[in-house]
Amino acid sequence: MTFRASHLLGIEHLAPDEITAVLDLADTYVALNRSDAKHSDALAGLTQINMFFESSTRTQASFELAGKRLGADVMSMQMQASSIRKGETLIDTALTLNAMRPDLLVVRHPHSGAVDLLAQKVNCAVLNAGDGRHEHPTQALLDALTIRRAKGRLHRLTVAICGDIAHSRVARSNILLLGKMEARIRLVGPPTLMPAGIADWGVEVTDDMAKGLAGADVVMMLRLQRERMDGAFIPSEREYYHRFGLDARKLAHAAPDAIVMHPGPMNRGVEIDGTLADDINRSVIQEQVEMGVAVRMAAMDLLARNLQAARAA
Ligand code: ASP
């Protein structure tokens, strides 16, 4: 089987053929999700627990729906209201849940590396739904599926990733995935929002939107992640929008058929013009949400098959 992983902790650990395997299976789930009977028994009898230690709207809903459409028993824990409040450590919580014999654990945590640590303590498949500024693998996979369906391929595309790169796990996972699939990546943003060591990432970097977007096939905007900023990274939101906010004028530098993406939640009028975000001829933001459910179904299906094979061995 092409997909060999036992957890989905990051794109870093996936080989290109494993990424393709997820996207191919996800395509079949897009078709299922567009039919009237949106149901399969791929995860029947299995238990999926969602543990979100950081707030989430679309990712948590997407994982929950994905599990339900595949017939799993799905439980979503409200971690803010849980024993963590009473001082229980992440590991103790994980061990307690592990004793309830889940098959799939979906975890979002504010600390980079927390999900990897947890995966070492449990005997089920763990999916990272975002850990600090480290990785958000299902976001990169759903973005890749959206791009592949719009452009017919991933390799040799020019992708401009714009805005707050420094605080973004979405950017990190996308850079890793697109790099593995041989796309050309340009990072565009103010130097204060570029991560340290960016020169070694093998990507082009610029603080000029006109240059960064020139001829790009895909323009991916990122949210200004104020909750991860502990100082003044930008002079003002007005100034930021003027230089880095995507509007029709800046988009005109990209290829005429360039698509516009945003992982959500969006700050309209800060990193993107609201009218452009809603323009169905350019923006694929709603498709990204749709692809999210299908990609999560595919990832959980493949992980569950590997888990069951390992248990039977
Ligand atoms: N929803 C994405 C994440 O959880 C992007 C964002 O929050 O800006 O990382």
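Both counts, for ligands and for their atoms, begin at 1 and track the order of listing.
The protein non-hydrogen atom at the shortest distance from atom 4 (O) of ligand 1 is Arg169 NH2, 2.9 Å.
The option with the heavy atom closest to atom 2 (C) of ligand 1, from among Pro265, Gly132, Gly130, Gly264, is Gly264.
Contacts between Gln225 and ligand 1, counted as non-hydrogen atom pairs separated by less than 4.0 Å, involve the side chain only.
Results of the side-chain hydrogen bond (donor to acceptor under 3.5 Å, both in side chains) test with Arg311 over Asn123, Asn306, Asp103 single out Asp103 as the only residue that passes.
Counting the atoms of ligand 1 from 1 in the order shown, those under 4.0 Å from a heavy atom of Arg108 are 4 (O). Taking every non-hydrogen atom of Arg223 and a distance limit under 4.0 Å, the qualifying atoms of ligand 1 come out as 6 (C), 7 (O), 8 (O). The Val170 neighbourhood of ligand 1 comprises atoms 2 (C), 5 (C), 9 (O), with distances under 4.0 Å to a heavy atom of that residue.
Stacking of Arg296 on the aromatic ring of Phe63 is recorded, both the 6.0 Å distance cut-off and the 45° axial limit being met.
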Q: Take Asp257 and Lys151 through the salt bridge (Lys or Arg N to Asp or Glu O under 4.0 Å) test and state the conclusion after the steps.
A: CA-CA 9 Å; Asp257 61 349; Lys151 298 281 159 201; 3.6 Å; yes
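Counting non-hydrogen atoms of other residues, nucleotides and ligands closer than 6.0 Å to CZ of Arg156 gives a total of 12 or fewer.
Counting only N and O atoms by type, the side chains of His136 and Arg108 include a donor and acceptor under 3.5 Å apart.
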